[in-house]
Enquirer: 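Below is a structure I'd like to ask you about.
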Amino acid sequence: MREITVALAKGRLANKAMELFEQMGISCEEMKDKSSRKLIFVNEELGIRFFLAKANDVPTYVEYGAADIGIVGKDTILEEGRKLYEVLDLKMGKCRMCVCGPREAKERLQHHELIRVATKYPRIAKDYFYNRKYQTVEIIKLNGSIELAPIVGLADVIVDIVETGSTLRENGLDVLEEVCGLSARMVVNQVSMKRENERISRIIKGMQQLVREEKP
Ligand code: PRP
C-alpha cells in the first residue's frame, strides 16, 4: 500500500495537529520524542508518514505531491498561492490578519495617501490594498518583528497577524483595519485527492468530526 504523506508546519501547530491525528487512532510514537532531530516519522502499520517542514514550505510540498496532505495556517496558504485543495478549517490557531499602526495613520489610510506598508506577507498586503481597496501603496517585505517598522520610521503601517493584541499594545500600535480571519487548515494535493480519495476522505471526515466535537 502506498504511504499517505502528511506535511506539518513545524511548531505549535504540528503538536496540536498530531493530537488530533492521535485521537483518530493515527499516531507516531517516534514523534513524541521532543529531543529528536528527526524530520520524518512513519507508521508502517497504518501506511502513513508525517514530516515537519517550515510553514512556508508546506504548500510547496503539497502542490508538487511530495506530501498528499498538509496542515498549515491560512496566512501561509494565502501568501504562497499554491495550487491545492483547502479541505478543512481546523478551527485552531485562530487569529486575524490586520493593518496596524499608530492611531494617526488611520487618517492617511482613509485618504488613500501613498503610504508605506511593512509586512512579512507582501502578497496578502498587495491583494488587500490593490484589489480590495483600490489603493496604491509601497510594500516593504520584512521577515519578523514587523511591529518595529512604524516605530522606527520604516513604514507608516504594517500588515501582520494579531492574536491576543499584546504585541501591538506593548508597542503603542492599534488595529486600523481587518484584512481577514485566520486559522489552521488542512490542504490536499489535487492529484492525491483523486488517486487516494478513499483514504484521504476518511482522514478528512475523521478530522471534521473531531473539530465539530471540540468546538460545538
Ligand atoms: C506574530 C505576529 C505578531 C504577534 C501577534 O509574531 O507577527 O508579532 O505574533 O501576537 P499577539 O497579538 O498575541 O501579540 P511571531 O511571534 O510569529 O514573530 P515574528 O513576527 O517575529 O515572526
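For clarity, every value in this text was computed on a predicted model and none was experimentally measured. Atoms within each ligand, like the ligands themselves, are counted from 1 in listed order.
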Enquirer: Among all the protein's heavy atoms, is there at least one whose distance to atom 18 (O) of ligand 1 comes out below 4.0 Å?
Expert: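 No.
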
Enquirer: For atom 9 (O) of ligand 1, is the nearest protein heavy atom under 4.0 Å away?
Expert: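 No, no protein heavy atom sits under 4.0 Å from atom 9 (O) of ligand 1.
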
Enquirer: Can you confirm whether F129 sits close enough to L109 that some side-chain heavy atom of one is under 4.5 Å from a side-chain heavy atom of the other?
Expert: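 When only atoms from C-beta onward are counted, L109 and F129 do touch, with a gap below 4.5 Å.
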
Enquirer: Hey, does N143 come in under 3.5 Å of ligand 1, counting only N/O atoms on both sides?
Expert: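 Such a contact does not occur with ligand 1.
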
Enquirer: In plain terms, say whether E86 and K74 are close enough for a salt bridge, that is, a side-chain N and a carboxylate O under 4.0 Å apart.
Expert: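 So E86 pairs with K74 through a salt bridge.
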
Enquirer: Within the structure provided, determine whether L90 and S183 are in side-chain contact (heavy-atom separation under 4.5 Å).
Expert: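 They are not in contact (no side-chain heavy atoms under 4.5 Å apart), so the answer is no.
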
Enquirer: Protein non-hydrogen atoms only, distance under 4.0 Å: does atom 12 (O) of ligand 1 have such a neighbour?
Expert: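 For atom 12 (O) of ligand 1 the answer is yes, since some protein heavy atom falls inside 4.0 Å.
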
Enquirer: Below 3.5 Å, N or O to N or O, backbone or side chain included: is there any such pair between G165 and ligand 1?
Expert: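 Yes; the residue has a nitrogen or oxygen that sits under 3.5 Å from a nitrogen or oxygen of the ligand.
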
Enquirer: Judged by non-hydrogen atoms, does E170 sit under 4.0 Å from ligand 1?
Expert: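 Contact check E170 vs ligand 1: negative.
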
Enquirer: If you count the atoms of ligand 1 from 1 in the order shown, which ones are under 4.0 Å from a heavy atom of S145?
Expert: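 Once the distances to S145 are compared, the set is 19 (P), 20 (O), 21 (O).
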
Enquirer: Provide, to 0.1 Å, the distance between atom 7 (O) of ligand 1 and the closest protein heavy atom, together with that atom's residue and name.
Expert: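 For this ligand atom, the closest protein heavy atom is D160 OD2, 2.8 Å.
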
Enquirer: If I take atom CD1 from residue I4 and atom CD1 from residue I203, how far apart are they, to the nearest 0.5 angstrom?
Expert: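 The CD1 atom of I203 is 5.5 Å from CD1 of I4, to the nearest 0.5 Å.
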
Enquirer: For atom 22 (O) of ligand 1, find the nearest protein heavy atom and state the residue, atom name and distance (0.1 Å precision).
Expert: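 Of the protein heavy atoms, K120 NZ, 2.5 Å lies nearest.
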
Enquirer: Give the numbers and elements of all ligand 1 atoms closer than 4.0 Å to a heavy atom of V162.
Expert: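 It comes down to these atoms of ligand 1: 12 (O).
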
Enquirer: With a 4.5 Å limit on heavy-atom distance, are the side chains of T136 and L114 in contact?
Expert: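 A side-chain contact exists here, since the closest heavy-atom pair is under 4.5 Å.
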
Enquirer: Any idea which atoms of ligand 1 are less than 4.0 Å away from a heavy-atom of S166?
Expert: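 In order of numbering, the contacting atoms are 12 (O), 14 (O).
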
Enquirer: Please list the nearest protein heavy atom to atom 1 (C) of ligand 1 with its residue and the distance rounded to 0.1 Å.
Expert: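 Here the closest protein heavy atom is I161 O, 4.6 Å.
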
Enquirer: Going through the checks in order, is the salt bridge (charged side-chain N to carboxylate O under 4.0 Å, His left out) test met by E138 and R116?
Expert: CA-CA 5 Å; E138 186 181 342; R116 278 182 165 181; 3.5 Å; yes

Enquirer: Measuring only between side-chain heavy atoms, which start at C-beta, is L142 closer than 4.5 Å to L154?
Expert: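 Sidechains of L154 and L142: in contact.
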
Enquirer: Between E113 and R108, which heavy-atom pair has the shortest distance, and what is it?
Expert: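 It is OE1-NE, 2.9 Å.
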
Enquirer: Should you measure from each heavy atom of E147, which atoms of ligand 1 turn up under 4.0 Å away?
Expert: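 Under 4.0 Å from E147, ligand 1 has these atoms: 3 (C), 8 (O).
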
Enquirer: Going by salt bridge (Lys or Arg N to Asp or Glu O under 4.0 Å), E177 matches just one of R96, K106, K133. Which one?
Expert: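 The passing option is K133.
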
Enquirer: With a 4.0 Å cut-off, strictly under, does atom 4 (C) of ligand 1 pick up any protein heavy atom?
Expert: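 Under the 4.0 Å cut-off, atom 4 (C) of ligand 1 does have protein heavy-atom neighbours.
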
Enquirer: List ligand 1 atoms under 4.0 Å from T164, heavy atoms only on the residue side.
Expert: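 Ligand 1 atoms under the 4.0 Å threshold to T164: 11 (P), 12 (O), 13 (O), 14 (O).
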
Enquirer: With side chains defined as the heavy atoms from C-beta onward, is the minimum distance between M97 and I124 less than 4.5 Å?
Expert: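 M97 vs I124: side chains touch.
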
Enquirer: Got the closest protein heavy atom to atom 14 (O) of ligand 1, with its distance?
Expert: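 Looking at atom 14 (O) of ligand 1, the protein heavy atom closest to it is T167 OG1, 2.4 Å.
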
